[in-house]
Amino acid sequence: MAASLADAVAALAERGAEGAPLAGATWIMRAPLRGEAHLAYVGLSGIPALRALSIGETEIGIGACVSHAHLARALAALPEARALAEAAGRSANPAIREVATVGGNLCSAAFAAADLVPALLCLDAAVELAAPGGTARLPLADFLAQRDRLPPGTVLARAIVPRPIAPGATGRSAHIRLPLRAAGDYPAAIVSLAVALDGDGRVATARLAVGSVEPVARRWTALEERLAGRPLDPDRAAGAAADLAGAFRPREGIEASGAYRLRVLPALVRRAVAAVQASS
């Protein structure tokens, strides 16, 4: 068990490819079933800096060892961060949410259905990485593209969410997921949406991310462009989503086919826009 972030970085660097960080362990405990083998785990849950959550005027800092349950409670009163609060508060089940961590959710490259990833993408989040050479901040999308090939000793220290969403505008967000009973709590598709409305009630900026459809969650920029400059309209947004859904290459799975994941996207977009509209 590491006592500090520096100790964790050093211990993981020493162990190289055989080492792995350990926090909530809800994903790692099934590693053998996925054919993953690590000979040395470095515990992170005792590091105070990784358990910290701060809400400032310009950003929200979320330590990697903050649990889903803690995150959901802490952000419940922030309208612009509602997507992240809902993602944390609805994922998995209550027992898992009490121990599953933000860092684990972001670092699990094989977990396409991670709820926090699209929620953080739509909120324009960045991550802070600690490594033997120092710390670095990079956009979440960039981290997702390289998270499975980071150098030994790299630790995701925290996620950072900027606020407000847009200066002088009213920010709102929502997180919509479609779980399937036969597959437990994993969603077949996820839509996370954050918008900033101008004084006339039109969309000044929109950020929409889709999760669980492809192997890695990503922003849907073409749909964002369709939403910008217009009033919120769930039906119009759903129609645009149907027109643009062909841009995705959906994954196949035992819980849902790729075709099904695409088919439900317009309805999830409609629900996300309606949820933001209702909170405005």
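Just so we're clear, the structure is a prediction, and the values are computed from it rather than from any experiment. The residues of the chain are indexed from 1 along the displayed sequence.
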Say you draw a straight line from [atom1] of [X] to [atom2] of [Y]; how long is it, rounded to the nearest 0.5 Å?
X: Glu86; Y: His175; atom1: CD; atom2: NE2; value: 7.5 Å
X: Leu193; Y: Leu208; atom1: CG; atom2: CG; value: 5.0 Å
X: His70; Y: Cys65; atom1: NE2; atom2: SG; value: 12.5 Å
X: Leu144; Y: Leu121; atom1: CG; atom2: CG; value: 5.5 Å
X: Ile55; Y: Leu75; atom1: CD1; atom2: CG; value: 5.5 Å
X: Leu129; Y: Arg137; atom1: CG; atom2: CZ; value: 11.0 Å

Walk me through whether Glu252 and Arg261 qualify under side-chain contact (heavy atoms from CB on, under 4.5 Å). CA-CA 9 Å; Glu252 300 292 333; Arg261 297 181 201 278; over 6 Å; no
Under a 4.5 Å cut-off applied to non-hydrogen side-chain atoms, are [X] and [Y] in contact?
X: Tyr260; Y: Pro250; result: no
X: Val99; Y: Thr26; result: yes
X: Val42; Y: Leu22; result: no
X: Leu84; Y: Leu116; result: yes
X: Met1; Y: Leu44; result: no
X: Arg270; Y: Asp235; result: yes

Donor-acceptor contact below 3.5 Å, side chain [X] vs main chain [Y]:
X: Ser173; Y: Arg82; value: yes
X: Arg219; Y: Ala209; value: no
X: Arg177; Y: Ile190; value: no
X: Ser108; Y: Phe111; value: no
X: Arg163; Y: Gly56; value: yes
X: Arg51; Y: Ser45; value: yes
X: Gln277; Y: Leu232; value: yes
X: Arg218; Y: Glu214; value: no
X: Arg97; Y: Ser67; value: no
X: Arg202; Y: Gly199; value: no

For the hydrophobic clusters of this structure (ILVMFWY residues joined by side-chain heavy atoms under 4.5 Å, transitively), does one cluster hold both Tyr41 and Val155?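 In one cluster with Tyr41: Val155, no.
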The test is side-chain contact (heavy atoms from CB on, under 4.5 Å); show your working for Val203 and Arg230 and say whether it passes. CA-CA 6 Å; Val203 176; Arg230 299 183 177 186; 5.8 Å; no
Between Arg251 and Ser212, is there a side-chain donor-acceptor contact under 3.5 Å, judged purely by atom types and distance?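 Result is yes, a qualifying pair exists.
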Given Ile60 and Ile160, is the side-chain contact (heavy atoms from CB on, under 4.5 Å) satisfied, shown in steps? CA-CA 6 Å; Ile60 302 169; Ile160 304 102; over 6 Å; no
What side-chain hydrogen bond (donor to acceptor under 3.5 Å, both in side chains) pairs are there with at least one residue in residues 116-134, not counting sequence neighbours?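 Qualifying pairs, neighbours excluded: Glu128-Arg158.
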Show, in sequence, the C-alpha distance, side-chain angles and deciding distance for Leu265 and Leu262, and conclude whether the side-chain contact (heavy atoms from CB on, under 4.5 Å) test is met. CA-CA 5 Å; Leu265 268 182; Leu262 285 187; 4.2 Å; yes
Is Arg90 salt-bridged to Asp115, going by a charged N under 4.0 Å from an acidic O?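 Looking at Arg90 and Asp115, the cut-off is not met.
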Inspect the contact between Arg73 and Glu98 and indicate whether a charged nitrogen and a carboxylate oxygen are less than 4.0 angstrom apart.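 Yes.
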Pro162 versus Leu123, closest heavy-atom pair with distance: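 Pro162 and Leu123 have their closest heavy atoms at CD-O, 3.5 Å.
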What is the ring orientation for Trp220 with Phe248, classed by angle as parallel under 30°, tilted 30 to 60°, or perpendicular over 60°?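 Geometry flag for Phe248 against Trp220: perpendicular rings.
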